[in-house]
Amino acid sequence: MNGTEKLKQMGFKTVYNYLDRDPENNIPKILDWLIRHDDGGTMTNQVLLVKEALADPDNNWSRLAKSLWTDLDDGVRKKLFETVVINDSLIGTPRQMKNQEKYGCNIPWAILMDPTSACNLHCTGCWAAEYGNKLNLTLEELDSIITQGKKLGTYLYIYSGGEPLVRKKDIIRLCEMHPDCAFMAFTNATLIDEEFADEMLRVKNFVPAISIEGFEEETDFRRGDGTYRAVVRAMEILKRKKLLFGISCCYTGKNVEVIGSEEYFDSMIDLGAKFAWFFTYMPIGQDAVPELMASAEQRKFMYEQIRKFRRTKPLFTMDFWNDGEYVGGCIAGGRAYLHINANGDIEPCAFIHYSDSNIREKTLLEAYQSPLFMAYRNNQPFNENHLRPCPVLDNPGRLTDMVCESGAHSTDLMKPERAEDYCAKCRATAEKWAPVADELWEKEHYECHGVKTASKKGEAK
């Protein structure tokens with residue numbers, strides 16, 4: 001961090017202390033201050049949206065904001081403000097933009113990485129289960145990724161797997177080694193106990209996103225008997241210790257009605273979740289279960305339910321596919337994030353298991369400038385209808401072209417799968433979703449901007 005950035009960080013910490021004294025009255029003042037000090041205008045639009053959402057002190061957004069003071073440990077809240085708001089957004093984002101211009105490639109806001117392929121569960125349709133404990137990134141390799149990433153402006157690191165908490169000690173050690181970063185993990189939560197929660201409370205910069213598939217029947221259907229109860233126990237520990245956590249929900253053709261229900265949302269909020277990621281099932285690998293894919297009608301149902309509950313529930317929600325309009329389409333390929341698997345392969349996305357780079361052979365910057373990542377940069381967005389963002393699920397054939405042109409290979413070490421075969425499994429789903437997505441895009445996006453027709457760049461091939 002250079003001298004100017006250090007001065008900014010000191011100023012931001014002073015601002016936080018001011019905010020913390022009287023959050024209800026000072027939050028609006030801080031938002032105005034952020035807009036005035038937003039170098040390059042990278043955050044102004046988002047801050048304006050937050051300001052508008054918090055204007056009513058009794059609405060769901062105001063209740064969620066207030067709960068960050070009533071429900072979270074003071075030290076955890078302060079550390080997350082420093083790492084996420086100050087370092088990752090106010091300092092990291094301008095650095096990312098500067099380096100994008102300097103190097104002519106994408107620089108991600110977040111890096112998703114797998115410490116291990118090992119997992120203590122064997123979930124139906126999960127690609128990770130077949131690897132066992134064979135693949136691991138060393139502590140030194142994980143540290144190197146983070147160190148390289150920070151130099152380019154990335155301060156948010158997310159773990160997946162496998163089950164990342166198989167590497168509990170190393171995860172906590174990395175939190176200690178990089179106290180200026182925020183860390184999150186997609187975890188089944190069955191390894192969260194009192195001792196680990198105390199470690200989280202000590203380092204303060206680690207947040208779990210707990211995988212849960214619905215209630216007990218739906219969760220145990222994919223993850224095994226007793227998993228739901230173990231997850232609830234973990235949530236109870238985290239809530240009692242005033243630790244921040246959220247949920248990660250994969251909706252399929254079997255559980256979509258439950259995950260999209262008001263009862264489910266209310267239950268997760270009552271258990272203490274402050275945020276929720278929503279993903280749809282992808283048929284990755286030769287042992288995938290395409291029958292679990294959500295239909296067009298089910299995906300539309302989730303689109304509508306999530307947006308409805310955003311207006312009424314104190315839960316911050318992110319819909320990985322259906323929020324494309326807010327982020328300009330696909331965020332993979334380093335545009336906002338990328339994935340590094342436990343073998344070191346640098347992949348455009350957690351759902352795209354193809355690569356032309358490995359962290360053991362290339363630096364992060366070299367990978368960002370590789371043919372595959374540049375193909376992503378040059379082709380995004382894959383469709384001007386951002387409700388059809390994905391080069392596989394929504395525009396099958398686009399991934400095939402990029403893999404072929406870049407010379408990338410399958411990173412599945414057990415049963416390599418051709419990109420065209422992966423895309424083919426999604427073609428029927430994409431064809432059924434296209435007219436639904438186009439209708440939603442016309443209604444929700446174009447009409448509100450006074451535009452009546454949509455250009456369809458990148459139609460499925």
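This structure is a prediction, so every number in the text was calculated from the model and none was measured.
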When rounded to the nearest 0.5 angstrom, what distance separates CZ in R95 from CD in Q100? 13.5 Å
Using the six-membered ring of W433, assess whether NZ or CZ of R388 lies under 6.0 Å from its centre and within 45 degrees of the ring axis. no
Just checking, any donor-acceptor pair under 3.5 angstrom between side chains of D114 and S160? yes
Please say whether more than 12 non-hydrogen atoms of neighbouring residues, nucleotides or ligands are located less than 6.0 Å from NZ in K151. no
Could you check whether T252 and N255, counting side-chain N and O atoms only, form a donor-acceptor pair closer than 3.5 Å? yes
Evaluate side-chain contact (heavy atoms from CB on, under 4.5 Å) for Y337 paired with L156, printing each intermediate quantity in order. CA-CA 10 Å; Y337 100 111; L156 175 60; over 6 Å; no
Go through S370 and D356 one step at a time and tell me if the side-chain hydrogen bond (donor to acceptor under 3.5 Å, both in side chains) criterion holds. CA-CA 7 Å; S370 72; D356 61 358; 3.0 Å; yes
Partners passing salt bridge (charged side-chain N to carboxylate O under 4.0 Å, His left out) against E291 (at least two apart in sequence or in another chain): none
E366 atom CD, neighbour heavy-atom count above 12 within 6.0 Å: yes
Looking at R310 and D323, is there a salt bridge between them, counting it only when a charged N and a carboxylate O are closer than 4.0 Å? yes
Ignoring hydrogens and geometry, is there a side-chain-to-backbone donor-acceptor pair from R167 to L137 under 3.5 Å? yes
Ring pair (Phe, Tyr, Trp, His ring centres under 6.0 Å) between F278 and F301: does it pass, once the steps are laid out? CA-CA 13 Å; F278 291 91; F301 170 76; over 10 Å; no
Is atom NZ of K254 surrounded by more than 12 heavy atoms (other residues, nucleotides or ligands) closer than 6.0 Å? no
Should we say atom CD of E217 is surrounded by more than 12 heavy atoms from elsewhere, each under 6.0 Å from it? no
For the residue pair Y368 and F373, does the interplanar ring angle fall in the parallel (under 30°), tilted (30 to 60°) or perpendicular (over 60°) class? tilted
Stepwise, does the salt bridge (charged side-chain N to carboxylate O under 4.0 Å, His left out) test hold for D266 with K313? CA-CA 8 Å; D266 288 342; K313 306 294 182 185; 2.8 Å; yes
side-chain hydrogen bond (donor to acceptor under 3.5 Å, both in side chains) assessment of S62 paired with N59: CA-CA 5 Å; S62 293; N59 71 11; 3.2 Å; yes
Quickly, which of L238, D73, L80 forms a side-chain contact (heavy atoms from CB on, under 4.5 Å) with L244? Name it, please. L80
For K274 versus S67, what's the shortest heavy-atom pair and its separation? NZ-OG, 3.0 Å
Compute whether any side-chain donor of one residue and acceptor of the other, for T187 and E163, lie under 3.5 angstrom apart. yes
Sidechain N-carboxylate O distance under 4.0 Å for R307, E325: yes
With side-chain contact (heavy atoms from CB on, under 4.5 Å) as the test, would you mind laying out the steps for E262 and Q305 before giving the verdict? CA-CA 8 Å; E262 185 168 20; Q305 292 295 94; 6.0 Å; no
What I want to find out is whether K242 reaches D71 closely enough, with some N-O distance under 4.0 Å, to be called a salt bridge. no
Is there a side-chain contact between I145 and I340 (heavy atoms, below 4.5 Å)? yes
Test side-chain contact (heavy atoms from CB on, under 4.5 Å) applied to M184 and W277, step by step: CA-CA 12 Å; M184 192 182 83; W277 286 92; 3.4 Å; yes
What verdict does the ring pair (Phe, Tyr, Trp, His ring centres under 6.0 Å) test give for W321 and F351, after you've listed the backbone C-alpha separation in whole Å, the side-chain angles of each residue and the deciding distance to 0.1 Å? CA-CA 12 Å; W321 271 269; F351 303 99; 5.1 Å; yes
Look at atom CH2 of W109 and say whether more than 12 heavy atoms of other residues, nucleotides or ligands are closer to it than 6.0 Å. no
Residue pair N87 / D180, side-chain donor-acceptor N/O under 3.5 Å: no
Side chains of N188 and T190: do they bring a donor and an acceptor to under 3.5 Å? yes
Would you call E297 and K432 a salt bridge, using N to O less than 4.0 angstrom? no
For K66, does the NZ atom sit with more than 12 other heavy atoms under 6.0 Å from it, leaving out its own atoms? yes
Side chains of L338 and L112: closer than 4.5 Å at any heavy-atom pair? no
Salt bridge present between R77 and D20 (N-O < 4.0 angstrom): yes
Quick test of your reading of the model: are K425 and E417 salt-bridged, counting only N-O distances below 4.0 Å? yes
Would L64 and L315 count as a side-chain contact (heavy atoms from CB on, under 4.5 Å) if you check the C-alpha gap in whole Å, the side-chain angles of each, and the deciding distance to 0.1 Å? CA-CA 7 Å; L64 177 60; L315 183 73; 5.9 Å; no
With a 6.0 Å cut-off on the ring centroids, do Y376 and F382 count as close? yes
Trace of the side-chain hydrogen bond (donor to acceptor under 3.5 Å, both in side chains) decision for R311 with N60: CA-CA 7 Å; R311 298 190 294 269; N60 60 311; over 6 Å; no
Would you please indicate if the ring centroids of F206 and F245 are separated by under 6.0 Å? no
OG on S248 to CD1 on I212, rounded to 0.5 Å: 10.5 Å
Nearest 0.5 Å, please: how far is OH in Y155 from CG in L90? 12.0 Å
Does a donor on one side chain sit under 3.5 Å from an acceptor on the other, for R335 and N106? no
Could you list the residues that satisfy salt bridge (charged side-chain N to carboxylate O under 4.0 Å, His left out) with E431, not counting sequence neighbours? none
Sequence neighbours excluded, the answer for side-chain hydrogen bond (donor to acceptor under 3.5 Å, both in side chains) partners of E347 is H339, N341, T411
How about N385 and N383: does a side-chain donor come under 3.5 Å of a side-chain acceptor? no
Under 6.0 Å between the ring centres of F279 and Y251? no
Residues R299, D394: salt bridge by 4.0 Å N-O rule: yes
